[in-house]
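Only this structure's heavy atoms are used, side chains among them; waters, hydrogens and symmetry mates stay out. Small disclaimer: the values here were computed from a predicted structure and weren't measured. A, B, ... follow the sequence lines: proteins, then strands. Residue 1 opens every chain.
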2 protein chains.
Amino acid sequence: MPAKASSERSTASGLSRERIARVALELADQEGLDGLSMRRLARELDVTPMALYVHFRGKDELIDAVVDLAARELKLPSERGPWKRQLELLLRELRRGVERHPSALWIRRERPLMSPGVMRGPELGMRILLRAGFSKSDAVAAWRALFSYTLGFASFSSTARVENARHHARAALAALPDDEFPALVSAATEAVDAMGGEDQFEFGLRCLLDGLQRRYLDREK
Amino acid sequence: MPAKASSERSTASGLSRERIARVALELADQEGLDGLSMRRLARELDVTPMALYVHFRGKDELIDAVVDLAARELKLPSERGPWKRQLELLLRELRRGVERHPSALWIRRERPLMSPGVMRGPELGMRILLRAGFSKSDAVAAWRALFSYTLGFASFSSTARVENARHHARAALAALPDDEFPALVSAATEAVDAMGGEDQFEFGLRCLLDGLQRRYLDREK
DNA sequence: ACCTGAACACCGTTCAAGT
DNA sequence: ACCTGAACACCGTTCAAGT
């Protein structure tokens with residue numbers, strides 16, 4: 001019987017694309033992106049490194065599957081209520097997804113991954129914007145801005161990183177010469193306290209949404 | 001005589017933190033972040049891998065020096081004119097810096113780097129915001145949003161990546177089932193055309209600045 | 001102080017072989 | 001079709017030794 005390529009049937013040793021990707025995601029979550037190696041993953045699965053190459057062409061393909069898997073976990077919000085509220089919920093969920101699987105974000109470095117799993121978020125975002133009255137190209141621009149802000153915040157202000165980073169930051173800020181960095185030194189306490197909070201994220205997000213509405217929607221009235 | 005990228009003559013013992021970091025940055029620019037290895041860098045410098053460890057404790061310390069070097073290249077704008085204009089110029093320059101040295105961005109993954117070189121930008125940003133009338137904690141929040149947006153855009157919408165990515169994106173969007181992704185498929189042309197332009201960046205930036213002004217400054221009047 | 005050379009414990013991947 | 005085992009060309013870093 002011919003098997004579909006994407007079928008999740010497990011073989012004698014219990015290996016399948018599904019299972020490999022899931023264990024790889026767990027491994028990356030626990031040990032960080034550097035901990036996710038083909039050899040380490042094979043060890044985790046009690047299998048030879050080369051066994052993985054039966055299911056994936058190489059590490060890149062495996063990694064794409066891992067990111068897609070992580071993206072599928074997102075619980076997309078319902079499409080009810082004001083458009084700004086819908087986008088808030090969507091981007092909050094996107095950020096929480098990245099928070100859960102930080103390494104999945106850094107995996108998407110050079111090549112843009114556009115598998116169906118990862119495109120569910122963008123699809124919903126575009127739908128909300130189009131329905132709100134944005135033209136196609138305005139909607140694309142608006143989504144781009146919202147998306148950049150959200151992933152940028154998750155990348156450089158993640159709470160996970162912040163917990164480890166806070167004392168480091170405090171020391172680094174204290175070490176800056178205050179004749180050269182007066183603004184930073186004077187606001188050091190505020191800066192450290194403010195690192196990576198969910199509130200900070202939501203506040204910036206609302207500012208961006210306000211601005212988008214003004215520039216794209218209100219101008220025609 | 002083999003043509004070297006670096007112009008200055010190196011004597012037999014001409015190794016220094018400065019020179020090592022500069023060659024490392026060139027290497028990362030040319031070959032990507034994966035091309036920057038201690039062994040490869042040593043080969044480039046006609047030296048044993050271990051010679052580098054005389055000047056740097058390890059790869060992490062070297063990499064911090066590389067990022068700091070890249071950050072020092074930024075030509076910060078003058079502090080004249082309206083505050084929104086000043087921030088526009090600053091963040092545009094920040095984005096261009098990342099565009100010039102894409103790998104420097106991805107280096108800052110786990111640990112937050114706060115060397116004097118990289119803090120010049122944040123310092124100026126904070127100064128502008130404080131002078132504009134933002135309170136300390138509002139200024140921190142505002143900078144955080146602007147910074148996240150800028151680096152997020154540079155990370156996920158870089159023109160460098162886009163040139164390589166455009167046809168890939170076109171194919172990937174075309175491959176999405178349009179009953180499941182109606183919004184994306186209908187705006188595919190706009191989405192591909194709009195990828196990573198400088199205009200897109202500036203437009204989103206202005207929206208964010210507008211929103212920040214409304215939420216933080218105008219509310220008190 | 002500055003650099004070399006050998007060594008250790010890792011990588012991703014190819015290739016030939018086993019079942 | 002699925003997996004093993006050995007091999008190749010890489011890593012970062014330690015340690016002892018040379019100058």
Worksheet item: Below 4.0 angstrom, N of the basic side chain to O of the carboxylate: do A:Glu79 and A:Arg127 qualify?
Response: yes
Practice prompt. Look at A:Tyr53 and C:dT14 and indicate whether a side-chain polar atom (N or O) is within less than 4.0 Å of OP1 or OP2.
Written response: no
Discussion item. Stem list for DNA chain D, please, built from Watson-Crick and G-U wobble pairs under 3.5 Å and keeping only runs of at least 3.
Written reply: C:4-8 with D:12-16, C:12-16 with D:4-8
Practice prompt. Could you tell me the separation between the CZ atom of B:Arg17 and the P atom of C:dC2, rounded to a whole number of Å?
Written response: 12 Å
Item to complete: Measure the distance from CZ on A:Arg40 to C1' on C:dA9 and round it to the nearest whole Å.
Response: 14 Å
Worksheet item: When the distance from CG of B:Leu41 to C1' of C:dC3 is rounded to whole Å, what number comes out?
Response: 15 Å
Discussion item. Just the rounded figure in Å: distance from P of D:dT4 to NE2 of A:His55.
Written reply: 10 Å
Worksheet item: Considering only D:dG5, D:dT13, D:dC2, which nucleotide approaches the side chain of A:Val54 most closely?
Response: D:dC2
Item to complete: Please say whether the positively charged group of B:Arg95, taken as NZ for Lys or CZ for Arg, lies over the ring of B:Phe153, i.e. under 6.0 angstrom from the six-membered ring centre and within 45 degrees of the axis.
Response: no
Practice prompt. Check the surroundings of atom CZ in A:Arg72: do more than 12 heavy atoms from other residues, nucleotides or ligands lie under 6.0 Å from it?
Written response: yes
Worksheet item: Can you check the A:Leu45 CG to D:dC2 C1' distance for me, whole Å?
Response: 15 Å
Item to complete: Please work out whether the ring planes of B:Phe201 and B:Tyr149 are parallel, tilted or perpendicular, with thresholds of 30° and 60°.
Response: parallel
Discussion item. Taking A:Arg206 first and then A:Glu88, would you say they form a salt bridge - that is, a charged N and a carboxylate O separated by under 4.0 Å?
Written reply: yes
Practice prompt. Could you check how far CG of A:Asp34 sits from C1' of C:dG12, rounded to whole Å?
Written response: 15 Å
Worksheet item: Are there more than 12 heavy atoms of other residues, nucleotides or ligands under 6.0 Å from atom CZ of B:Arg100?
Response: yes
Worksheet, complete the sentence: Considering only heavy side-chain atoms of B:Met50, the closest of C:dG12, D:dC15, D:dC11 is D:dC15
Item to complete: Consider the side chain of B:Pro49, meaning its heavy atoms from C-beta on, and name the nucleotide among D:dT13, C:dT4, C:dG12 that approaches it most closely.
Response: D:dT13
Item to complete: Please state how far atom CZ in A:Arg43 lies from atom P in C:dA9, giving the value in whole angstrom units.
Response: 13 Å
Discussion item. Nearest whole Å is fine: how far is D:dC11 P from B:Glu31 CD?
Written reply: 11 Å
Worksheet item: Counting side-chain heavy atoms from C-beta on, which of C:dG12, D:dG12, D:dT4 comes nearest to B:Met38?
Response: D:dG12
Worksheet entry | Minimum-distance nucleotide to A:Lys59 side chain [options: D:dG12, C:dC3, C:dG12] | C:dG12
Worksheet item: When the nearest nucleotide of DNA chain D is assigned to A:Ala51 and to B:Arg39 on a heavy-atom basis, which residue is associated with the more 5' position?
Response: A:Ala51
Practice prompt. May I ask you to say whether B:Glu18 pairs ionically with B:Arg22, meaning some side-chain N is under 4.0 Å from a carboxylate O?
Written response: yes
Discussion item. Side chain of A:Thr48 only, heavy atoms from C-beta on: which candidate in D:dG12, D:dT4, C:dC3 is closest?
Written reply: D:dT4
